[in-house]
Novice: 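Quick one: this structure, given as structure tokens, is what I'll be asking you about.
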Amino acid sequence: MATASSMQQPALLLRQLTQDPVTASLLAAALATAVLMIAAVSRGGGRKPRLPPSPRGFPVIGHLHLVRPPVHRTFHDLAELVGAFNVEDYIAVCRGWDLQGLRRRAADVHRRFDALLEEMIRHKEEAREARKMRGGAEGETPEKKTATGTTTESSKDLLDILLDKLEDDAAAEVKLTRKKIKAFVIDVVTAGSDTSAAMVEWMLAELMNHPECLRKVRAEIDAVVGRDRIAGEGDVASLPYLQAAYKETLRLRPAAPIAHRQSAEEMVISAAGGFTVPAGTAVFINLWSIARDPANWDAPLEFRPERFMAGGRNEALDPRGQHFQYLPFGSGRRGCPGMGLALQSVPAVVAALVQCFDWAVDGDAEKIDMEEADGLVCARKHPLLLRPSPRLSPFPAVV
Ligand code: HEM
């Protein structure tokens with residue numbers, strides 16, 4: 001789960017937004033990546049280590065020439081590549097030619113990820129080394145500065161735990177390696193960042209297209225959270241309409257629309273005239289269409305958060321994989337391991353965006369288009385362009 005401090009970063013980004021308007025797409029991606037990266041891999045070590053001198057910057061542009069593509073761009077590129085149509089999969093003579101340049105792009109994404117992870121691990125190792133030098137006992141938890149400046153102990157983050165294992169597991173049968181750590185961190189962070197960013201965008205777009213729902217979400221936040229502090233993860237449980245709007249967005253716009261399995265044994269399906277699925281067949285489960293099936297849903301194509309509210313027909317439906325007509329996070333032991341985080345972080349980010357800003361559509365379209373892009377993650381085809389104007393004055397302090 002993201003911690004209180006992980007939500008501070010989105011809050012800081014929000015405050016910046018009051019001075020510097022950007023597109024909602026960019027903001028969604030940046031916020032989601034920030035929450036994920038901080039939840040999964042914090043650099044740890046509150047005290048500033050003595051760093052080696054930085055490379056020289058040029059006048060005016062400073063260190064701009066050293067800036068690499070933003071982290072969220074790399075995640076986005078990966079999601080796009082994994083879901084891309086590859087002609088080599090369908091026409092045998094095309095195999096090995098890399099006609100669309102996908103392999104070249106994949107190698108580039110791999111290089112960027114590897115550099116990013118090496119940098120994270122190096123920072124973490126430096127912080128751990130510095131802690132040991134200061135005389136910290138083996139296994140001591142990292143120190144962390146609180147808002148008031150006091151130094152306290154905090155729990156270890158994911159990377160600390162993995163590096164502990166790497167050091168301790170000399171005798172283990174299956175050895176953890178640096179490569180495996182990088183693969184694991186990439187798996188978790190990539191699976192969680194673009195999906196969460198896409199859900200923030202879809203939810204904001206749905207609310208903009210349904211002003212009455214937006215009004216209800218905002219009224220609930222104003223009543224429960226007030227205007228003196230920014231809504232956060234801790235408030236989500238007390239905001240039932242916000243949760244219902246999120247569930248409805250997950251139903252209509254699931255960021256991961258397909259679950260993939262392999263049939264363990266031969267199956268005979270009686271529906272649609274009956275057919276047989278042999279053992280070992282790759283099975284793609286269309287979570288997107290299941291959640292729009294008129295057999296299970298009233299007015300399935302309409303955005304109606306009320307269906308998930310008390311007294312609504314789908315009040316009892318939960319997105320965690322127990323109800324097979326609604327599986328935005330998949331189901332079973334290969335179900336999404338990040339759903340707990342995603343059920344907290346996405347509505348918290350949307351709550352803060354709705355609470356802090358009035359949003360206006362950029363351009364004169366009456367409704368925001370809801371076209372979906374191709375790719376592994378079902379994201380918007382066109383970026384969501386909205387103009388924010390601050391609605392809280394003074395802007396609440398970020399603590
Ligand atoms: C709203 C955001 C998210 C949605 C809609 C979503 C949805 C899904 C879905 C449908 C699957 C496939 C499940 C299956 O096959 O049964 C999946 C897998 C996965 N998700 Fe998520 N997810 C989200 C956020 C996250 C987050 C925040 C993380 C990590 C922090 C995460 C980590 C993963 C991983 C590692 C897998 C692969 C699991 C495996 O194959 O064993 N997801 N997700």
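Atoms within each ligand, like the ligands themselves, are counted from 1 in listed order. Worth knowing before you read on, the calculation uses all heavy atoms, side chains too, and leaves out hydrogens, waters and symmetry mates. Residues take their numbers from the sequence shown, with the count starting at 1.
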Novice: For ligand 1, indicate whether the residue P328 contacts it via side chain, backbone, both or neither (heavy-atom separation under 4.0 Å).
Specialist: backbone

Novice: Taking only Lys NZ, Arg NE, NH1 and NH2, and the carboxylate oxygens of Asp or Glu, determine whether D298 and R304 approach each other closer than 4.0 Å.
Specialist: no

Novice: Below 3.5 angstrom, do we get any N/O pair linking H260 and ligand 1?
Specialist: no

Novice: Is it true that D108 and R105 have a side-chain N and a carboxylate O under 4.0 angstrom from each other?
Specialist: no

Novice: Run the numbers for me: atoms of ligand 1, each under 4.0 Å from some heavy atom of A256, listed by number.
Specialist: 7 (C), 8 (C), 9 (C), 10 (C)

Novice: Hey, are D98 and R104 close enough for a salt bridge, meaning a charged N less than 4.0 Å from a carboxylate O?
Specialist: no

Novice: Report yes or no: is the cationic atom of R307 (NZ for Lys, CZ for Arg) under 6.0 Å from the centre of the six-membered ring of W297, at an angle within 45° of the ring normal?
Specialist: no

Novice: Only counting residues at least two apart or in another chain, list the ones meeting ring-ring contact (aromatic ring centres under 6.0 Å, His included) with W288.
Specialist: none

Novice: Tell me which one of W202, F184, F329 gets a heavy atom nearest to atom 3 (C) of ligand 1.
Specialist: F329

Novice: Return the option from G332, G192, C336 holding the heavy atom at the smallest distance from atom 11 (C) of ligand 1.
Specialist: C336

Novice: Check R334 against ligand 1 and report side chain, backbone, both or neither, counting heavy atoms closer than 4.0 Å.
Specialist: both

Novice: Report, in ascending order of atom number, the atoms of ligand 1 lying under 4.0 Å from any heavy atom of M199.
Specialist: 1 (C)

Novice: Run the numbers for me: atoms of ligand 1, each under 4.0 Å from some heavy atom of L287, listed by number.
Specialist: 10 (C)

Novice: Under 4.0 Å, heavy atoms only, figure out whether ligand 1 is touched by the backbone of S331, its side chain, both or neither.
Specialist: backbone

Novice: Can you find an N/O atom of R261 closer than 3.5 Å to an N/O atom of ligand 1?
Specialist: yes

Novice: Would you mind reporting whether E88 and R95 have side-chain heavy atoms less than 4.5 Å apart?
Specialist: yes

Novice: Atoms of ligand 1 less than 4.0 Å from G330 heavy atoms?
Specialist: 10 (C), 13 (C), 14 (C), 16 (O)

Novice: Enumerate the ring-ring contact (aromatic ring centres under 6.0 Å, His included) contacts for residues 242-278, please, sequence neighbours excluded, ordered by first and then second residue.
Specialist: H260-F284

Novice: Which atoms from ligand 1 have a heavy atom of Y246 less than 4.0 Å away?
Specialist: 1 (C)

Novice: Should you measure from each heavy atom of A342, which atoms of ligand 1 turn up under 4.0 Å away?
Specialist: 1 (C), 2 (C), 24 (C)

Novice: Quick test of your reading of the model: are E220 and K216 salt-bridged, counting only N-O distances below 4.0 Å?
Specialist: no

Novice: Pick one: which of I161, D160, L159 meets side-chain contact (heavy atoms from CB on, under 4.5 Å) with L163?
Specialist: L159

